[in-house]
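Because only heavy atoms are used, hydrogens play no part in the values below, and waters and symmetry mates are left out as well, while side chains stay in. Keep in mind that this is a model prediction, so the values were computed, not measured.
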2 protein chains.
Amino acid sequence: MSQRRRPTIHEVAKVAGVSISSVSRALNGNTSNADMVDRVNAAVREVGYVPSVVAQSLKTRHTGQVAFAMEDIGNAAYLEMVRRIQPTLRDEGYRLLLHSTGADVEDELGVLASLSQNYVDGLILCPLRVTDRHVEALRQTAVPVVVIGLLPDDVPVDNVRADSRVGARLAVEHLAEAGARRIAFIDGPLDTVPGQARYDGYRSGLAAAGLEPDDAIVRFTDFQFEAGRQTARELLTAHPDVDAVLGANDLIAMGVLHALRELGRDVPGDVRVVGMDDTPLAATSFPPLSSVSLGSADRGRIAAELLLRRLDGDDAPPERVTVPPSLTVRESSR
Amino acid sequence: MSQRRRPTIHEVAKVAGVSISSVSRALNGNTSNADMVDRVNAAVREVGYVPSVVAQSLKTRHTGQVAFAMEDIGNAAYLEMVRRIQPTLRDEGYRLLLHSTGADVEDELGVLASLSQNYVDGLILCPLRVTDRHVEALRQTAVPVVVIGLLPDDVPVDNVRADSRVGARLAVEHLAEAGARRIAFIDGPLDTVPGQARYDGYRSGLAAAGLEPDDAIVRFTDFQFEAGRQTARELLTAHPDVDAVLGANDLIAMGVLHALRELGRDVPGDVRVVGMDDTPLAATSFPPLSSVSLGSADRGRIAAELLLRRLDGDDAPPERVTVPPSLTVRESSR
DNA sequence: GAACCGCGAGGAAACGTTTCCGAGGTGTTG
DNA sequence: CAACACCTCGGAAACGTTTCCTCGCGGTTC
């Protein structure tokens with residue numbers, strides 16, 4: 001493990017008997033003389049030269065790095081995004097930096113602020129919620145940012161959205177079509193962006209199906225398995241006439257399935273269940289869970305593509321892309 | 001979006017009326033005069049100065065970045081690792097770079113080679129399999145590396161291992177204790193490191209329990225849900241006397257649960273099932289799946305800690321840590 | 001055959017920091 | 001009171017590149 005200092009462009013130049021500028025040009029393809037290129041390449045191999053990306057970054061003012069910041073990579077939706085973002089960026093030569101902000105808004109703003117350190121060329125951000133401070137920070141970032149999630153219209157930043165409102169509506173309409181008349185809803189917190197949107201979609205789905213809304217069979221809890229299970233147990237005991245439940249995400253819906261099983265109700269015979277996000281959980285649950293995909297993978301890919309365009313120098317007005325939801329029907333609601 | 005150039009340490013120096021060396025010292029706490037520090041801080045705020053980490057990196061020769069390379073972040077085990085690695089590193093001021101190599105050995109070697117570019121201070125690597133070229137690359141990396149996974153003893157690199165052999169054995173012993181006598185095993189490919197180790201553990205568990213091994217009730221397939229399901233269906237049909245199944249990971253075990261349900265067999269009444277990895281799937285399945293945890297989260301954390309020690313300048317001999325497995329018993333084998 | 005043009009290569013500056021070194025000032029000691 | 005030591009601060013070099021500018025050379029054109 002000889003920690004001999006790495007060779008620099010100067011050693012290459014010396015060995016090749018040329019100047020460092022020629023080496024740089026040869027390596028970056030800014031020269032025409034083939035003989036020169038050959039000599040430089042030979043010297044590079046001889047001394048084992050590898051360029052320092054740090055020095056390059058300092059000079060060229062870009063780093064070849066992009067950051068992705070979200071709450072928690074453990075969340076299936078974000079995970080799907082990363083899985084698409086990373087290859088998309090890598091194919092264009094960018095490395096991916098991961099920031100899990102851990103539901104900490106300060107940390108999120110910290111990431112935005114840290115962009116001025118210029119350690120990345122761009123950022124893809126999934127904000128928990130968008131405060132005034134976010135908006136201000138987004139207005140004057142040092143590098144291009146793409147936001148995945150809802151964003152006020154006047155923030156001049158590329159924006160990729162899911163449509164969880166339409167998603168929830170889709171689910172409700174499907175349940176109604178399948179014959180359900182008393183469709184309960186277990187939502188996440190109403191003061192989160194998706195919580196609110198899904199609630200709206202639920203209501204609008206009921207309206208579209210000609211069903212009477214009844215907030216007695218709506219609950220707000222956390223986007224978690226245990227929360228869904230306990231809430232569902234309580235809800236279904238208090239309202240035995242419920243014949244379908246929409247969970248605001250797959251974890252909640254899984255909790256609902258468990259609660260139903262504990263109560264001895266058949267799925268989908270007695271009660272139909274639909275989840276949202278269409279995570280791997282859905283396909284492997286029993287019975288397999290119908291779920292509304294909000295296109296996380298697509299959103300990730302599109303965000304990465306938008307960012308790449310900015311990095312390429314495109315200064316067209318900010319774009320706003322909405323990815324349509326789609327419902328995958330499985331046994332739990334058939 | 002005024003793309004005015006960011007202020008440098010020179011502007012700060014000018015505004016504060018001091019030299020750039022004093023600014024640098026004041027900012028890095030290498031001075032004693034409080035008055036100087038105040039003036040510099042005031043100037044920093046006035047011009048909105050943020051240091052360039054790239055320039056700092058060039059000068060100080062470290063980047064504050066660490067890379068984590070694995071096959072696919074979608075794999076639950078790697079995901080758990082990232083979730084622990086990231087905060088551990090962040091608390092020490094390091095940023096995390098993610099490399100998904102996508103089951104491509106060349107890409108993996110590429111990552112190793114790219115370390116000479118010095119864009120990171122260290123690497124945590126989960127190799128698919130360890131070839132001679134890996135070993136050679138590992139011997140002469142430019143920065144410290146910690147390997148998670150099996151590694152030949154003579155490679156001088158910090159190493160964190162799971163013990164999936166003991167893990168499988170634990171599961172078999174548990175099943176035998178619970179009364180099972182015909183314990184089937186659905187493994188992943190035998191030519192992978194975990195596939196081989198789990199098979200060995202299965203055999204040794206049978207031996208420990210005094211049960212006769214019978215390769216007729218052992219299958220090798222992919223570490224996937226559908227693979228597990230189909231293989232289980234075939235196996236259980238051909239051998240109705242099987243009273244327990246060990247799945248080499250949770251996905252396979254989930255497939256087994258589905259197959260059993262399709263065949264109308266009760267779990268755990270007729271057949272007990274145990275999985276491995278103890279992913280979130282296990283807790284939310286029905287019935288909840290017993291599973292052997294191989295300590296992914298711990299392995300991630302330990303790897304990060306080992307790396308941090310190296311980055312701190314520790315040059316003790318390479319360490320080899322084995323994280324013991326642990327069995328979580330849930331309804332599927334009770 | 002001379003002037004010009006273009007091309008290729010070398011020298012040097014610049015990117016934005018940190019740190020070494022030396023100078024000057026102040027305080028202490030003999 | 002002089003000499004010395006110490007402490008601060010400023011100047012300048014260095015980290016490893018890219019790129020601008022200049023210079024020299026060879027070829028073309030009048």
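Where B:Met36 and B:Leu58 each meet DNA chain D at their nearest nucleotide, the meeting point lying more 5' is that of B:Met36.
Under a cutoff of 6.0 Å and an axis angle of 45°, A:Arg95 and B:Tyr119 form a cation-pi pair.
Side-chain contact check for A:Ser21 and A:Ser24: no donor-acceptor pair (N or O, by modelled atom type) lies under 3.5 Å. A donor atom on one side chain and an acceptor atom on the other are not found under 3.5 Å apart for B:Gln56 and A:Gln117.
Between A:Leu306 and A:Ile302 the shortest side-chain heavy-atom distance falls below 4.5 Å.
Distance CZ/A:Arg309 to CG/A:Asp315: 11.5 Å, rounded to 0.5 Å.
In B:Arg133, the CZ atom is not crowded: 12 or fewer heavy atoms of neighbouring residues, nucleotides or ligands sit closer than 6.0 Å.
Contact annotation for A:Val50: backbone-only contact, meaning every heavy-atom pair under 4.0 Å involves sugar-phosphate atoms and none involves a base. Among the atoms of the strands shown, none is found under 4.0 Å from any heavy atom of B:Val54.
Dashed line: the shortest gap from a side-chain N or O of A:Arg61 to OP1 or OP2 of C:dG16 is under 4.0 Å. Between C:dG10 and A:Ser19, a contact under 4.0 Å exists linking OP1 or OP2 to a side-chain N or O.
Here D:dG16 presents its P atom at 8 Å from CZ of A:Arg6, a figure rounded to the nearest Å. Distance B:Glu11 CD to C:dG16 P: 9 Å, rounded to the nearest Å. Atom NE2 in B:His10 sits roughly 15 Å away from atom P in C:dA13 (whole-Å rounding). The separation between A:Gln117 atom CD and C:dG16 atom C1' is 14 Å, rounded to whole Å.
Each of C:dG10, D:dT17, C:dT17 was ranked by its minimum atom distance to the side chain of B:Ala55; first place goes to C:dT17.
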message = Can you build the contact string for nucleotides 18-28 of chain C? Use B for base contact, S for sugar-phosphate-only contact, and - for no protein heavy atom under 4.0 Å.
response = BBB--------
